Amino acid sequence: MKSFDANYKLLEDMYQDGYFPNFLVDKVKAELHKVIEMLEGGETDTELIQKKLDEVVCAINDLQEEFDENDSEIETIARDCIGETIDYILKWFDISIDIEEAIRERDW
């Protein structure tokens, strides 16, 4: 079983941008950790991984109202950052799911 890259900073661009409240970026990060934990556990079935990605992306979708309430939103920088992070995670674990497919449930 492979551990995730300890040197990679999840959602770094969002953390560095004051427009995104850190406590909300933490919530997005917690969702992404669910995928990482699954992959660190050795899961390689792309259907199961995609199902988990769908759940995680839907949970991130559900955070949009909370971002709005805090004068923020999941916009271009956040979309790119989340997508790039998920892409990095998948590549790190050699999972061959296209990024557009991986985040297909997004509404941001």
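This is a predicted model, so every value here is computed, not measured. Scope of the values below: all heavy atoms of this structure, side chains included, with no hydrogens, waters or symmetry mates.
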Checklist line | Where at least one partner belongs to residues 15-37, residue pairs that pass salt bridge (Lys or Arg N to Asp or Glu O under 4.0 Å), sequence neighbours excluded | finding: Lys27-Glu66, Glu31-Lys34

Margin query: If I compare all heavy atoms of Val57 with all of Ala102, which pair ends up nearest, and what's the gap?
Written below: CG2-O, 4.1 Å

Checklist line | Gap between atom CG of Leu53 and atom CD1 of Ile95 - 0.5 Å precision | finding: 9.5 Å

Checklist line | Partners meeting salt bridge (charged side-chain N to carboxylate O under 4.0 Å, His left out) with Glu101 (sequence neighbours left out) | finding: Arg104

Check: Can you tell me how far the CG atom of Leu63 sits from the SG atom of Cys58, to the nearest 0.5 Å?
Finding: 11.5 Å

Check: Who passes side-chain contact (heavy atoms from CB on, under 4.5 Å) against Gln64, sequence neighbours left out?
Finding: Asn61, Ile74, Asp107, Trp108

Next item on the list: Could you pull out all residues at least two apart from Glu55 that satisfy salt bridge (charged side-chain N to carboxylate O under 4.0 Å, His left out)?
Entry: Lys52

Margin query: Return the CD1 to CG distance between Ile82 and Leu11, rounded to the nearest 0.5 Å.
Written below: 6.5 Å

Notebook entry, point to check: Does a side-chain N-to-carboxylate-O contact under 4.0 Å join Arg79 and Glu73?
Noted result: no

Notebook entry, point to check: Can you tell if the side chain of Val35 reaches within under 4.5 Å of the side chain of Ile86, non-hydrogen atoms only?
Noted result: no

Item checked: Residue pairs, two or more places apart or on separate chains, that pass side-chain hydrogen bond (donor to acceptor under 3.5 Å, both in side chains) and touch residues 38-51 -> Gln50-Asp54

Next item on the list: Please state whether the rings of Phe4 and Trp92 are parallel, tilted or perpendicular, taking 30° and 60° as the class boundaries.
Entry: perpendicular

Next item on the list: Not counting sequence neighbours, list each pair that qualifies as a salt bridge (Lys or Arg N to Asp or Glu O under 4.0 Å) and has a residue in residues 86-96.
Entry: Asp87-Lys91

Next item on the list: Determine the minimum heavy-atom distance between Tyr19 and Asp71, stating which atoms define it.
Entry: CE1-O, 3.4 Å

Next item on the list: Rounded to the nearest 0.5 Å, what's the gap from CD1 on Ile103 to CG on Leu90? Could you check?
Entry: 10.0 Å

Next item on the list: Output all residues satisfying side-chain contact (heavy atoms from CB on, under 4.5 Å) with Glu65, sequence neighbours left out; order by chain, then residue number.
Entry: Glu69

Next item on the list: Please report the C-alpha distance between Leu10 and Tyr88 in whole Å, then the side-chain angles of each, then the deciding distance to 0.1 Å, and finally whether the side chain to side chain contact (heavy atoms under 4.5 Å, CB included) criterion is met.
Entry: CA-CA 9 Å; Leu10 297 170; Tyr88 186 89; over 6 Å; no

Next item on the list: Give the cluster check for Met1 versus Leu39: same hydrophobic cluster or not, with ILVMFWY residues linked at side-chain heavy-atom distances below 4.5 Å.
Entry: no

Next item on the list: Walk me through it: do Glu75 and Phe67 pass the test side chain to side chain contact (heavy atoms under 4.5 Å, CB included)?
Entry: CA-CA 10 Å; Glu75 46 75 73; Phe67 272 90; over 6 Å; no

Notebook entry, point to check: For Glu12, what residues pass the side-chain hydrogen bond (donor to acceptor under 3.5 Å, both in side chains) criterion, not counting sequence neighbours?
Noted result: Gln16

Checklist line | Straight-line distance of Phe20 CZ to Ile77 CD1, nearest 0.5 Å | finding: 5.0 Å

Next item on the list: Could you pull out the closest heavy-atom pair between Ile99 and Gly83, with the gap in Å?
Entry: CD1-O, 3.3 Å

Notebook entry, point to check: Residues in side-chain contact (heavy atoms from CB on, under 4.5 Å) with Asp80, at least two apart?
Noted result: Thr76, Glu84

Margin query: Please check if the number of heavy atoms outside Asp98 that lie under 6.0 Å from its CG is greater than 12.
Written below: yes

Next item on the list: Hey, could you give me the CG/CE distance between Asn22 and Met14, rounded to the nearest 0.5 Å?
Entry: 9.5 Å

